[in-house]
Colleague: 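Submitted below is the structure of interest, expressed as structure tokens.
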Amino acid sequence: MLDIRMLRENPELVKAGIAKKNDKTDIDKILQLDNERREIIREVEQLKGERNKVSGEVAKKKKAGEEADEEIKAMKAVGEKISGLDQKQRDVERDMHNLMIWIPNIPHDSVPVGGEENNVVVREWGEIKKKDFKVLPHWEIGEKLGILDIAAATKISGSGFYILKGLGARLQRALVAYMLDTHTSDGFLEIAAPFIVTADSMFGTGQLPKLADDMYKTTEDEMYLIPTSEVSLTNCYKQQILDQKQLPILMVSHSPCFRREAGAAGKDTRGMVRVHQFEKVEMVKIVEPEKSYEELETLTAQAEKILQGLQIPYRVSTLASGDLSFAAAKCYDLELWAEGVERWLEISSCSNFEDFQARRMNCRYKDSDKKVRFPHTINGSGLALARLIPAILENYQNADGSVTIPEVLVPYMSGIEKIG
RNA sequence: GGAGAGGUGGCUGAGUGGUCGAAAGCGCUGGUCUCGAAAACCAGUGUACCUCCGGGUACCCAGGGUUCGAAUCCCUGCCUCUCCGCCA
């Protein structure tokens, strides 16, 4: 959510900002409602002041055993006027709120303007080596090794699901453990949080109302399956005032992620790179505003650390404004190179939301001057399993059809060094 | 799922229609005292909004309602606790 004061004081800045995200919210309409709202408040507060004063006099008279019919009659009329204005104020505020919740966060100045084609690669790591044999895509090598069964998953749940078996499932568990161990030893607190959350939590992190169609919703209770544990982690601190001493808060968790992927039919449908349910390790930081961009860099480095440990080539891009998600002010995408599908696969998005989510969640902190302020929130995958496993099956594939286990994972695999 | 009890400031807790934004205690901040600390004593101690910058309004879980007037009465929702049922 944006600050209404910012809209009032810098409407052109906001308009320019949301235009960079191709958003067409009518800012002038909001400002008009805001003016209307303030006019109503001015009027109704004056009336309420009068009512309070006279009601006090009524109380005094009654106590003294005097009549106060005149005052009561006059205040009845004032009261009616007040409830009319109260209603009007509620209506205006509701209309305003319903517009405000659709405004995306505005991009940071360092974000390139434009669509996906304007994303900027800021660094690359590792060497893309061409193997001297034909590398099979993960769905083929996975089936051959008996560790991946997409057909069975399709029977159970329809398209967009996968089953890992035996050492495939074991590999996933090893990766999760490796990532959690890495992040916790770097200061992140491991959290095991709910996978089903209220609409209010989805609103807090900015998934609702805009992304409602991309999520699974329960029919009886209006609960949502999390599309990422960012939702559970960040909302741990909603409707709360933190102490500055508690910051920065660093959290990490492993969870399944559920995504309807509405409108993505036919896109990257083979294998496990685009599915309705996948596992992910997610990092979230809640930090002081002044430090958030610095903290975004270290969070991104933390995600990169995993890929470096696994020796998988990757690149980091700054997303252009049009490619940014609804709530993000700046985002780095990490993409790894998968040798079988011969493509860059998005493996992590590290974003700074500034105070956008904090406002929606009403999460605040008391700074050293005891002033209550909104902190900044940051998150990033560290990393997504459904793309990491394909990359390992492809990049670590051998000519004989076996797959070598990355060295750092061997201890997590009871010493197993190779599948197949 | 059934029955009951309850949600008041940072915390404990009083308040059942009229000077209640809310007693008291604790905590916290400042001061006196002290070499310093503790104790004692004194003072202060919420947030948001509107403003013609004088001040005003709102907030006692949330949202409605009754009333001249609501922390207090009514309705709805959420949450917590106790007992029963069910259950990995």
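Values below: all heavy atoms of this structure, side chains included; hydrogens, waters and symmetry mates excluded. Each chain gets a letter, A, B and so on, in the order its sequence line appears, and its residues count up from 1.
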Colleague: Does atom CD of A:E66 have more than 12 heavy-atom neighbours, drawn from other residues, nucleotides or ligands, at distances under 6.0 Å?
Modeller: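 Buried by this count: over 12 neighbours within 6.0 Å.
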
Colleague: Counting primed atoms plus P, OP1 and OP2 as sugar-phosphate and everything else as base, spell out the protein contacts along nucleotides 47-53 of chain B at 4.0 Å heavy-atom distance: B, S or - for each nucleotide, 5' to 3'.
Modeller: --SSSB-

Colleague: Name the pairing partner of B:rG21, where a pair is Watson-Crick or G-U wobble with both distances under 3.5 Å, or state none.
Modeller: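 By the stated definition (distances under 3.5 Å), nothing pairs with B:rG21.
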
Colleague: With both distances kept under 3.5 Å, what pairs with B:rU72, Watson-Crick or G-U wobble?
Modeller: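 Matched B:rU72 with nothing under the 3.5 Å cut-off.
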
Colleague: Which nucleotide, if any, forms a Watson-Crick or G-U wobble pair with B:rG44, using both distances under 3.5 Å?
Modeller: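 B:rG44 is paired, partner B:rC28.
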
Colleague: Should B:rA38 form a Watson-Crick or G-U wobble pair with both distances under 3.5 Å, which nucleotide is its partner?
Modeller: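 Check on B:rA38: unpaired, no WC or wobble geometry under 3.5 Å.
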
Colleague: Does any nucleotide pair with B:rU16 by Watson-Crick or G-U wobble geometry, both distances under 3.5 Å, and what is it?
Modeller: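 The base-pairing partner of B:rU16, which may sit in any strand shown, does not exist here.
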
Colleague: For B:rG69 and A:N52 - does any side-chain N or O of the residue sit under 4.0 Å from the phosphate oxygens OP1/OP2?
Modeller: no

Colleague: Would you measure the distance from the P atom in B:rC11 across to the matching atom in B:rU19 and give it in whole Å?
Modeller: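 Result for the P pair: 25 Å, nearest Å.
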
Colleague: In whole angstrom, what separates A:L85's CG from B:rU57's P?
Modeller: 16 Å

Colleague: Report yes if some heavy atom in the side chain of A:P289 is under 4.5 Å from a heavy atom in the side chain of A:E354; otherwise report no.
Modeller: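 A side-chain contact is absent here, since even the closest heavy-atom pair is not under 4.5 Å.
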
Colleague: State the pairing partner of B:rG6; accept Watson-Crick or G-U wobble contacts with both distances under 3.5 Å, and report none otherwise.
Modeller: B:rC79

Colleague: Taking the C1' atom in each of B:rA3 and B:rU57, what is the distance between them to the nearest angstrom?
Modeller: 43 Å

Colleague: May I ask which nucleotide in the shown strands pairs with B:rG85, Watson-Crick or G-U wobble, both distances under 3.5 Å?
Modeller: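 Here B:rG85 is not engaged in any pair, so there is no nucleotide opposite it.
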
Colleague: Any heavy-atom pair between the side chains of A:L299 and A:M283 that's under 4.5 Å?
Modeller: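 Side chain of A:M283 against side chain of A:L299, heavy atoms only: contact under 4.5 Å found.
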
Colleague: Would you indicate what A:K73 reaches in the nucleic acid, counting non-hydrogen atoms under 4.0 angstrom: base, sugar-phosphate, or nothing?
Modeller: nothing

Colleague: Checking the side chain of A:D26 only, and the main-chain atoms of A:K29 only, is there a donor and an acceptor separated by less than 3.5 Å?
Modeller: yes

Colleague: If you measure from the C1' atom in B:rU47 to the same atom in B:rU80, how many Å do you get, rounded?
Modeller: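 Taking atom C1' in both B:rU47 and B:rU80, they lie 24 Å apart.
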
Colleague: Whole angstrom is fine here: how far is it from NZ in A:K81 over to P in B:rC68?
Modeller: 17 Å

Colleague: Write down the distance separating the P atoms in B:rC26 and B:rC50, rounded off to the nearest Å.
Modeller: 38 Å

Colleague: Write down the distance separating the C1' atoms in B:rA71 and B:rG7, rounded off to the nearest Å.
Modeller: 12 Å

Colleague: What is the distance, to the nearest angstrom, from the CG atom on A:D243 to the P atom on B:rC28?
Modeller: 14 Å

Colleague: Base, sugar-phosphate, or nothing for A:G56, non-hydrogen atoms under 4.0 angstrom?
Modeller: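 No contact.
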
Colleague: Do A:M179 and A:L383 have side-chain heavy atoms sitting under 4.5 Å apart?
Modeller: yes

Colleague: How long is the line joining CD of A:Q89 and C1' of B:rC59, in whole Å?
Modeller: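 Rounded to the whole Å, the gap is 13 Å.
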
Colleague: Mind telling me if B:rG54 is syn or anti? Syn here is a glycosidic angle within 90° of 0.
Modeller: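 In terms of base orientation relative to the sugar, B:rG54 is syn.
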
Colleague: Sub-3.5 Å donor-acceptor pair from the side chain of A:Q397 to the main-chain atoms of A:L136, do we have one?
Modeller: yes

Colleague: Distance between the C1' atoms of B:rC42 and B:rC79, in whole angstroms?
Modeller: 42 Å

Colleague: In whole Å, what is the span from the CZ atom of A:R94 to the P atom of B:rA62?
Modeller: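 Result: 21 Å.
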
Colleague: Distance check, C1' atoms only: B:rA39 and B:rG6, in whole angstrom units.
Modeller: 39 Å

Colleague: Do A:R38 and A:N35 have side chains that approach each other closer than 4.5 Å (heavy atoms only, starting at C-beta)?
Modeller: yes

Colleague: Check the distance between B:rG17's P and A:I72's CD1 and give it to me in whole angstrom.
Modeller: 17 Å

Colleague: In Å and rounded to the nearest 0.5 Å, what is the CD to CD1 distance from A:Q46 to A:I82?
Modeller: 10.5 Å

Colleague: If we check side chain to side chain donor-acceptor pair (under 3.5 Å) with A:H183, which of these qualifies: A:H254, A:K305, A:Q302?
Modeller: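 Per the side chain to side chain donor-acceptor pair (under 3.5 Å) rule, the option paired with A:H183 is A:Q302, out of A:H254, A:K305, A:Q302.
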
Colleague: Can you tell me the Watson-Crick or wobble partner of B:rC52, both distances under 3.5 angstrom?
Modeller: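 B:rC52 is paired with nothing.
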
Colleague: Measure from CD on A:Q239 to P on B:rA62 and round the result to the nearest Å.
Modeller: 11 Å

Colleague: What integer number of Å spans the C1' atoms of B:rG85 and B:rG77?
Modeller: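 The same atom, C1', in both gives a distance of 25 Å.
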
Colleague: Whole angstroms only, please: what is the CG-P distance between A:N362 and B:rC61?
Modeller: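 Computing the A:N362:CG to B:rC61:P distance gives 17 Å.
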
Colleague: By nearest heavy atom, map A:V44 and A:K60 onto RNA chain B; which one lands nearer the 5' end?
Modeller: A:K60

